[in-house]
Amino acid sequence: MPGVALVGIQWGDEGKGKVTDLLASDTDFVVRYQGGNNAGHTIVVGGERYALHLVPTGILYPHCTPVIGPGVVVNPQVLLEEMDALEQRGIDTTRLLVSGNAHLVMPYHLELDKVTERRLGKNRLGTTKRGIGPAYADKAARIGLRVQDLLDPDIFKEKLTVALKEKNLMLARVYGRLPLEQARIEEEYLAYGERLAPRIADTSTILHDALDAGRMVMFEGAQATMLDLDHGTYPFVTSSNPIAGGACPGAGVGPRDIDRVIGISKAYCTRVGSGPFPSEADPADADLLVEAGHEYGTTTGRKRRCGWFDAVAARYAARLNTLTELVLTKLDVLSVFSEIKVCVGYEFEGERYDTFPPNQTVFNKCRPVYETLEGWSEDITRVTDAADLPGAALAYLARLEQLVDTPVRWASVGAGREQMVRFPEGVGAPAGAGSGRPAL
Ligand code: IMP
């Protein structure tokens with residue numbers, strides 16, 4: 001099973017880093033296939049905590065080759081700073097490969113992300129202001145600059161001239177900002193290019209060879225399913241495709257290269273930024289989750305919105321990604337509740353929805369239909385054997401497994417590597433488990 005995709009099935013921040021760590025010993029390549037430095041992966045290796053934004057988590061494992069695929073948008077300044085910071089902590093970054101086809105995040109993208117959010121006012125998306133949306137917009141408009149352009153100063157200058165002419169008009173005339181100076185951008189970016197040159201590679205061919213040789217390639221999704229540009233809660237989404245299928249264009253592989261799709265979800269639910277969130281908890285419960293789960297963003301430090309597990313959205317995500325298995329993180333956080341709610345449907349204008357509503361008005365205005373499950377009060381952070389989990393915790397996991405129709409293989413009970421409970425066969429027997437999906 002050489003191709004494994006790892007995807008968040010909620011609104012991001014599900015704890016994907018923890019699962020990478022779990023699989024790292026068997027993994028040869030870790031590939032980022034979308035997004036940019038809007039992502040935040042927190043990962044604890046050897047007792048050390050790392051917060052990575054752009055560099056794939058594979059960088060932390062000396063036997064892994066980390067790859068930034070063509071579907072990623074790269075801010076070279078951030079990439080180099082992240083590499084320098086890792087080097088300072090003794091992590092070798094010379095294995096990192098960056099696709100020449102990946103697009104560059106340019107200074108005007110950052111500027112435009114900020115001014116458009118400001119202009120949108122109360123309708124703002126709550127972006128990370130890292131220039132991600134504007135960079136993908138230019139890619140689609142075919143005026144983007146790519147990583148490989150850094151290697152050819154003449155081409156770089158020519159493309160920059162075309163793009164900057166339009167951007168400066170926009171910045172000055174629409175937003176009343178000062179135009180950006182071309183010479184400064186050229187100097188800065190070409191210097192980045194010189195430093196990055198040894199890392200720029202034909203990553204698609206490298207991955208094809210690896211997959212053909214049966215080496216294990218992990219496709220590491222950033223953000224998550226509900227933030228997917230096409231399938232998430234548009235317009236409150238990111239500008240790329242975090243779903244597992246996004247690994248095909250984003251890494252340059254075909255659908256049959258992905259054998260296993262692991263969905264990561266918190267045992268409850270969080271979201272940062274604006275947008276609908278039907279299972280958002282009332283303030284008292286949300287505060288308990290923020291406190292117990294330390295729910296602050298890795299990239300922006302923003303307090304996350306917190307709520308109950310949304311089984312309707314999770315089931316939708318399971319189908320979109322063709323999940324083969326589920327990992328539930330932060331189960332220990334729920335120990336603070338005597339009763340735990342699970343959103344099992346939505347209600348809008350007297351109608352009940354058991355599947356994800358295709359109409360955004362319904363999703364925006366619906367009320368959650370909850371099922372209430374018994375909580376447990378025991379501290380479960382030291383449990384490593386499923387048999388030692390309280391009955392109510394097992395029942396909770398089994399119910400989620402059933403609702404999402406996907407076997408739960410792991411539940412995490414703390415940040416440490418060893419704080420994982422394994423369920424080789426799933427927790428219970430989910431109704432219709434494996435229906436039409438590949439067997440493990
Ligand atoms: P952008 O990706 O910066 O354009 O932001 C678009 C939306 O995606 C906003 O709601 C962000 O808060 C959200 N978002 C982007 N990256 C992440 C992430 O890594 N975790 C959670 N939310 C994210």
Side-chain angles (χ1 to χ4, degrees), residues 1 4 6-10 14-16 18-19 22-23 225 244 259-269 279 307-345 354-356 368-414 418-440:
M1 289 217 170
V4 177
L6 213 69
V7 292
I9 67 161
Q10 299 172 311
E14 292 90 351
K16 296 180 281 283
K18 181 107 196 252
V19 184
L22 205 68
L23 300 177
T225 303
D259 308 276
R260 188 173 165 192
V261 184
I262 306 176
I264 327 289
S265 171
K266 277 180 190 161
Y268 49 97
C269 198
S279 67
W308 305 106
F309 187 86
D310 184 338
V312 184
R315 202 164 46 235
Y316 170 64
R319 184 61 193 87
L320 273 174
N321 290 294
T322 57
L323 295 187
T324 54
E325 60 220 271
L326 199 56
V327 178
L328 288 168
T329 59
K330 296 187 131 180
L331 182 66
D332 55 302
V333 171
L334 292 177
S335 295
V336 294
F337 295 101
S338 55
E339 285 186 333
I340 304 170
K341 290 185 198 168
V342 179
C343 173
V344 293
D354 296 318
T355 54
F356 197 74
V369 178
Y370 286 123
E371 187 174 293
T372 303
L373 278 81
E374 200 186 316
W376 58 91
S377 51
E378 294 93 327
D379 174 0
I380 56 170
T381 55
R382 286 191 188 79
V383 174
T384 50
D385 190 335
D388 296 330
L389 277 177
L394 283 169
Y396 180 72
L397 293 175
R399 182 65 181 134
L400 299 197
E401 184 175 73
Q402 195 178 44
L403 288 165
V404 185
D405 188 22
T406 305
V408 172
R409 298 276 182 223
W410 296 89
S412 89
V413 292
E418 65 298 341
Q419 291 175 292
M420 277 295 222
V421 185
R422 187 162 174 246
F423 303 92
E425 309 295 331
V427 182
S435 41
R437 305 211 184 96
L440 283 175

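For the numbers below, each heavy atom of this structure counts, side chains included, while hydrogens, waters and symmetry mates do not. The shown structure was predicted, so the numbers you read here are calculated from the model rather than taken from an experiment.
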- prompt: Does any non-hydrogen side-chain atom of Arg315 lie less than 4.5 Å from one of Asp354?
  reply: yes
task: Identify the heavy atoms of Cys343 and Gly345 that sit nearest to each other, and give their distance.
output: SG-O, 3.4 Å
message: Could you tell me if the side chain of Arg319 sits less than 4.5 Å from the side chain of Thr322, heavy atoms only?
response: yes
query: Can you tell me how far CG of Asp388 sits from CD1 of Ile380, rounded to the nearest 0.5 angstrom?
result: 11.5 Å
message: Among Ile264, Leu320, Leu323, Ile262, exactly one meets side chain to side chain contact (heavy atoms under 4.5 Å, CB included) together with Ile9. Which residue is that?
response: Leu323
- prompt: With a 4.5 Å heavy-atom cut-off, do Tyr396 and Leu334 have their side chains touching?
  reply: yes
- prompt: Where the side chain of Lys18 meets the backbone of Gln419, is there a donor-acceptor pair that is under 3.5 Å apart?
  reply: yes
statement: Between Phe309 and Leu400 the two heavy atoms that sit nearest each other are CD2-CD2, 3.6 Å
- request: Provide the closest heavy-atom pair for Lys16 versus Leu6 in the form atom of the first, atom of the second, distance.
  value: O-CD2, 4.0 Å
message: Tell me if a side-chain donor or acceptor on Thr225 pairs with a main-chain N or O of Gly8 at a distance below 3.5 Å.
response: yes
field: side-chain hydrogen bond (donor to acceptor under 3.5 Å, both in side chains) against Ser377, all qualifying residues, sequence neighbours excluded
entry: none
query: Counting N and O atoms only, with roles assigned by atom type, does the side chain of Thr406 sit under 3.5 Å from a partner on the main chain of Val404, one being a donor and the other an acceptor?
result: yes
message: Show the nearest heavy-atom pair for residues Asn321 and Ala244, with the distance to one decimal.
response: OD1-N, 2.9 Å
field: Exam field: side chain Ser265 to backbone Leu328, donor-acceptor pair closer than 3.5 Å
entry: no
field: Heavy-atom side-chain contact between Arg409 and Phe423 under 4.5 Å
entry: no
task: Taking side chain to side chain contact (heavy atoms under 4.5 Å, CB included) as the test, write out the residues that go with Lys266, two or more places apart.
output: Gln10, Asp13, Tyr268, Thr270, Glu295, Arg304, Thr329, Lys330
- prompt: Near Glu378 CD, under 6.0 Å, is it more than 12 heavy atoms from other residues, nucleotides or ligands?
  reply: yes
- prompt: Below 4.5 Å, heavy atoms only, C-beta onward: do Val342 and Arg399 meet side chain to side chain?
  reply: no
- prompt: Is any side-chain heavy atom of Pro407 closer than 4.5 Å to a side-chain heavy atom of Glu401?
  reply: yes
- request: State the CH2-CG distance between Trp308 and Leu373, to the nearest 0.5 angstrom.
  value: 11.0 Å
query: Got a second to check how far Asp332's CG is from Thr381's OG1, nearest 0.5 Å?
result: 6.5 Å
query: Of all residues at least two apart in sequence or in a different chain, which pass the side-chain hydrogen bond (donor to acceptor under 3.5 Å, both in side chains) check with Trp376?
result: Ser335
Considering all heavy atoms, the nearest Leu397-Ala411 contact: CD1-CB, 4.1 Å
query: Can you name the closest pair of heavy atoms from Trp410 and Met420 and give their distance?
result: CE3-CB, 3.9 Å
